[in-house]
Amino acid sequence: MKKKLFLILGITTFLILSALFGYINASKINLTDFSVTYLDITDEQLPESFKDKTVIFISDLEYGTFFKEKRLELFRKKISRLNADIIIFGGDMFDREFVPISSDVSLLTDLFSSLDARLGKFAIFGDFDLISDQRKALVSKILYDSNFEMLNGNPIRLHNNSNEHINLLGIDYIPQNIDLSSIYGNVQTEDFTMTVIHGANVANILPIKVNNLILSGHTHHCQVNLPFMVDDSFAQTGDFAAGRYKVNNVLMYVTRGVGTTVKDYRAFSDPEIVYITFK
């Protein structure tokens, strides 16, 4: 009887301590444990001049409600250790309900200005960037003052000291399916083309024959991913949550994002910086 009681007490204690550690890890540690995911891209359509060139992809900063100055500085230290030829921001500068003031704008402009990329810095708008004309204008100013170029659905040809090029397209957040074929009108199928979206479900309506790589944010990987405990506060955007997917045989990578929204915790969904190397 005593052995059975000790066993029950031991299991109960273990479960309580595990739950306590999980909560501390989710609410304190994981929020600033910015992991770097290294992604090698091999494609026969990549020009020789882009072999070994690198891309940093970040999304969903959600600055303001939870992600404040202290966390921003830790993020700066992490990303500043990485060097890339191209930097792409996938949208959502501020958390949805946050009302930024001038000091917030200065902090973010300072961060984005400090990022260097020899072949350019680019961005699209996420859904939180488009909640009002005022928010869109403010995010645009931060990015413009930081020498980021808004992609705005227009294909850009990137060159690396050569006539060879790759195409970069960006599509701002769209809440419903629309015909996107027109923006690829000047894109040749023999070119290597990288498309950035906010909301991975958009990949299902992209003209796949002219895409080689798709990058997306938005999902936060639901922020909490424990067995039987996926937080349904966060939409998983159809069939896509985070990581690698093949959409009609085209590689798509969905990042877990940087910040948090709705609730300030992450479990088995560390904030993420994606580092891509063309091979």
Side-chain angles (χ1 to χ4, degrees), residues 11-39 56-82 89-101 104 107-108 111-112 126-129 131 135 139 173 198-201 215-245 253-275:
I11 293 173
T12 303
T13 302
F14 173 77
L15 291 174
I16 292 172
L17 290 175
S18 296
L20 180 62
F21 174 77
Y23 172 77
I24 293 171
N25 187 53
S27 61
K28 302 296 181 183
I29 301 172
N30 277 10
L31 297 175
T32 56
D33 185 17
F34 302 107
S35 64
V36 181
T37 298
Y38 292 93
L39 188 64
I56 287 175
F57 176 53
I58 55 173
S59 187
D60 303 281
L61 192 66
E62 320 291 14
Y63 183 87
T65 307
F66 306 118
F67 195 102
K68 299 180 185 292
E69 184 175 356
K70 183 177 180 181
R71 213 175 288 179
L72 185 71
E73 185 57 32
L74 293 172
F75 175 68
R76 179 204 294 270
K77 288 180 180 178
K78 184 76 172 188
I79 198 170
S80 66
R81 300 187 189 118
L82 303 170
F89 177 59
D92 281 5
M93 181 75 71
F94 296 102
D95 199 7
R96 183 180 181 86
E97 304 301 329
F98 181 69
V99 180
I101 59 177
D104 301 316
L107 282 169
L108 290 166
L111 167 70
F112 281 89
D127 51 323
F128 289 179
D129 302 320
I131 60 171
R135 171 65 66 87
V139 173
Y173 176 78
H198 191 90
N201 61 317
L215 302 175
S216 180
H218 184 59
T219 68
H220 291 226
H221 198 201
C222 292
Q223 292 185 193
V224 174
N225 285 273
L226 294 168
F228 312 110
M229 285 183 61
V230 174
D231 193 332
D232 60 7
S233 301
F234 307 91
Q236 286 197 2
T237 318
D239 297 325
F240 310 113
R244 293 171 176 255
Y245 296 92
Y253 192 88
V254 182
T255 178
R256 300 185 297 271
V258 176
T260 55
T261 187
V262 183
K263 300 169 185 176
D264 194 28
Y265 51 64
R266 282 179 177 269
F268 295 94
S269 180
D270 293 351
E272 181 178 39
I273 300 167
V274 182
Y275 192 86

Distance from Thr37 atom OG1 to Phe57 atom CZ, nearest 0.5 Å?
-> 11.5 Å

Closest heavy-atom pair, Thr255 versus Thr219, reported as atoms and distance to 0.1 Å, is O-OG1, 4.1 Å

Distance, nearest 0.5 Å, that separates OG1 of Thr32 from CD of Glu73 = 13.0 Å

Please report the closest heavy-atom contact between Phe240 and Asn201, naming both atoms and the distance.
-> CD1-N, 4.1 Å

Between Arg266 and Pro271 the two heavy atoms that sit nearest each other are CD-CD, 3.6 Å

With side chains defined as the heavy atoms from C-beta onward, is the minimum distance between Arg81 and Ile273 less than 4.5 Å?
-> no

Of the options Ile56, Val36, Leu74, which is the one that meets Ile79 in a side chain to side chain contact (heavy atoms under 4.5 Å, CB included)?
-> Ile56

Identify the two heavy atoms, one from Ser59 and one from Gly217, that lie closest to each other, and give their separation to 0.1 Å.
-> OG-CA, 3.8 Å

What distance do Met93 atom CE and Leu108 atom CG have between them, rounded to the nearest 0.5 Å?
-> 6.0 Å

Exercise: identify the closest heavy-atom pair between Pro100 and Arg135 = CD-NH2, 4.4 Å

Are His198 and Asp60 close enough, and set up right, to give a side-chain contact (heavy atoms from CB on, under 4.5 Å), and what steps lead you there?
-> CA-CA 9 Å; His198 191 90; Asp60 303 281; 3.3 Å; yes

Residue list, side-chain hydrogen bond (donor to acceptor under 3.5 Å, both in side chains) with Ser35, at least two apart or on another chain | Arg256

What distance separates Ile58 CD1 from Leu82 CG, expressed to the nearest 0.5 Å?
-> 10.5 Å

Listed partners of Ser216 passing side-chain hydrogen bond (donor to acceptor under 3.5 Å, both in side chains), at least two apart = none

Does the side-chain hydrogen bond (donor to acceptor under 3.5 Å, both in side chains) test come out yes or no for Glu272 and His221, once each step is laid out?
-> CA-CA 10 Å; Glu272 181 178 39; His221 198 201; over 6 Å; no

Scan Asp92, Asp95, Thr65 and name whichever one has a side chain to side chain donor-acceptor pair (under 3.5 Å) with Thr261.
-> Asp95

Please identify each residue that fulfils side chain to side chain contact (heavy atoms under 4.5 Å, CB included) with Leu111, with sequence neighbours left out.
-> Leu72, Phe75, Arg76, Ser114

Residues forming a side chain to side chain contact (heavy atoms under 4.5 Å, CB included) with Arg96, sequence neighbours excluded | Phe128, Ile131

Can you check whether Glu62 reaches Thr260 side chain to side chain, under 4.5 Å on heavy atoms?
-> no

With sequence neighbours left out, write down each residue that passes side-chain hydrogen bond (donor to acceptor under 3.5 Å, both in side chains) with Tyr173, or none if nothing qualifies.
-> none

For Glu97, the side-chain hydrogen bond (donor to acceptor under 3.5 Å, both in side chains) test, sequence neighbours excluded, returns none

Could you list the residues that satisfy ring-ring contact (aromatic ring centres under 6.0 Å, His included) with Tyr253, not counting sequence neighbours?
-> none

Using ring-ring contact (aromatic ring centres under 6.0 Å, His included) as the criterion, list what pairs up with Phe66, not counting sequence neighbours.
-> none

Run the side-chain contact (heavy atoms from CB on, under 4.5 Å) check on Val258 and Lys78 step by step: do they pass?
-> CA-CA 12 Å; Val258 176; Lys78 184 76 172 188; over 6 Å; no

